[in-house]
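Down below is the structure, laid out as structure tokens.
Residue numbers run from 1 in the order of the sequence given. Indexing begins at 1, ligand by ligand and atom by atom, following the structure's order. Note: hydrogens, waters and symmetry copies are ignored here, and every other heavy atom, side chains too, is used.
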Amino acid sequence: MLIEIVSVFPGLFQGVFSESILKRAQEKRLVEIRLHDLRAFSDDKHRKVDDAPYGGGPGMVMKPEPFFKAVRTIRKKHPPAGRVILLSPQGKLLTQERLKKLSKVERLILLCGRYEGIDERVRMHLADEEISIGDYVLTGGEIPAMVLVDALVRLLPGVLSEASLEEESFARGLLEYPQYTRPKDFEGKNVPDILLSGDHENIRQWRYREAFKRTLKLRPDLLQNREKPRNSDG
Ligand code: 9WO
């Protein structure tokens, strides 16, 4: 997968992408992430990427030209096209289900906005889709882009172990079951006996029940929208 990110602050991404799993995934060539400075695509001699809003009002709006030029340039250099995603609070909510679909796309171009808004023509005529990570306003689309990349890359084949992904699909759509590690007795608070029993089938069932109970109590909405296990009719 090739992910191209367009932002006025490409430096923000360095730390997040150069450690841990995202670093390893890039080293293993499972994903390539390219950062692009939006200012490099400004035609303005001062590399301006924002301007005052038509109609008046406070703040600045991001100009359309640099975004269009960035996407055109990226596409020319690395065809084929790639899906253009604008990170925005107006977008469709990022869910695990949407991530799974996105993980099958070969090329993504992520556009990050700043300031008080983005010229409407970017969302209308350049973005293929708009994605939101939740109902809050941030200072820009960069952190949402990091969230998207982090959640996406771990789904790519070879990034996590088979076993980790299987474990995740075992309790698909449920919250995590309770997990423990050593010590057995931490300041009088003990690990449940069943986890020490060595009875793996029993442990499996216990974990599923606990995950289900916890979801019912804390996030019943997740059970509503959950993919139902299929029966023999499909
Ligand atoms: C700021 C502002 C200030 C005064 C009046 C109106 C205003 N609108 C905005 C605004 O929406 N700023 C955005 C900041 C411009 C585009 C990038 N920004 C952004 C993206 N904030 N939050 C996101 C975002 C993206 C994805 N998921 C959640 C939030």
Below 4.0 angstrom from a heavy atom of [X], which ligand 1 atoms are there? Numbered from 1 as shown, please.
| X | result |
| --- | --- |
| Gly117 | 15 (C) |
| Gly113 | 17 (C) |
| Ile131 | 26 (C) |
| Ser88 | 25 (C), 26 (C) |
| Arg114 | 15 (C), 17 (C) |

### Query
Backbone N or O of Lys48 within a donor-acceptor pair of the Ser42 side chain at under 3.5 Å?
yes
Heavy atom of the protein closest to [atom] (residue, atom name, distance):
| atom | answer |
| --- | --- |
| atom 27 (N) of ligand 1 | Ile133 N, 2.9 Å |
| atom 13 (C) of ligand 1 | Tyr115 O, 3.7 Å |
| atom 8 (N) of ligand 1 | Glu116 O, 3.3 Å |
| atom 29 (C) of ligand 1 | Tyr136 O, 3.4 Å |
| atom 22 (N) of ligand 1 | Leu138 N, 3.0 Å |

On a heavy-atom basis, which atom in [X] and which in [Y] lie closest, and how many Å separate them?
| X | Y | value |
| --- | --- | --- |
| Glu142 | Val8 | OE2-N, 4.1 Å |
| Leu165 | Arg154 | CD2-O, 4.2 Å |
| Leu30 | Pro157 | CD2-O, 3.7 Å |

Record the part of [X] in heavy-atom contact with ligand 1 below 4.0 Å; permitted values are side chain, backbone, both and neither.
| X | answer |
| --- | --- |
| Pro89 | both |
| Pro58 | neither |
| Met62 | neither |

### Query
Which one of Ala145, Gly134, Gly59 has a non-hydrogen atom at the shortest distance from atom 28 (C) of ligand 1?
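That would be Gly134.
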### Task
Go through the steps for Glu210 and Lys213 under the test salt bridge (charged side-chain N to carboxylate O under 4.0 Å, His left out), then give the verdict.
CA-CA 5 Å; Glu210 290 299 316; Lys213 269 177 12 196; 3.0 Å; yes
Would you compute the distance between atom [atom1] of [X] and atom [atom2] of [Y] and round it to the nearest 0.5 angstrom?
| X | Y | atom1 | atom2 | value |
| --- | --- | --- | --- | --- |
| Phe212 | Leu174 | CZ | CG | 7.0 Å |
| Ile133 | Leu148 | CD1 | CG | 9.5 Å |
| Ile3 | Leu152 | CD1 | CG | 5.0 Å |

#### Entry: Ile143 to ligand 1, any heavy atom closer than 4.0 Å
no
### Query
If you measure from each heavy atom of Gly140 to ligand 1, is any distance below 4.0 Å?
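Yes, Gly140 has heavy atoms under 4.0 Å from ligand 1.
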### Query
Does the side chain to side chain contact (heavy atoms under 4.5 Å, CB included) test come out yes or no for Leu111 and Met62, once each step is laid out?
CA-CA 12 Å; Leu111 306 181; Met62 296 194 85; over 6 Å; no
### From CA spacing to verdict: side chain to side chain contact (heavy atoms under 4.5 Å, CB included), Phe41, Val71
CA-CA 9 Å; Phe41 303 100; Val71 169; over 6 Å; no
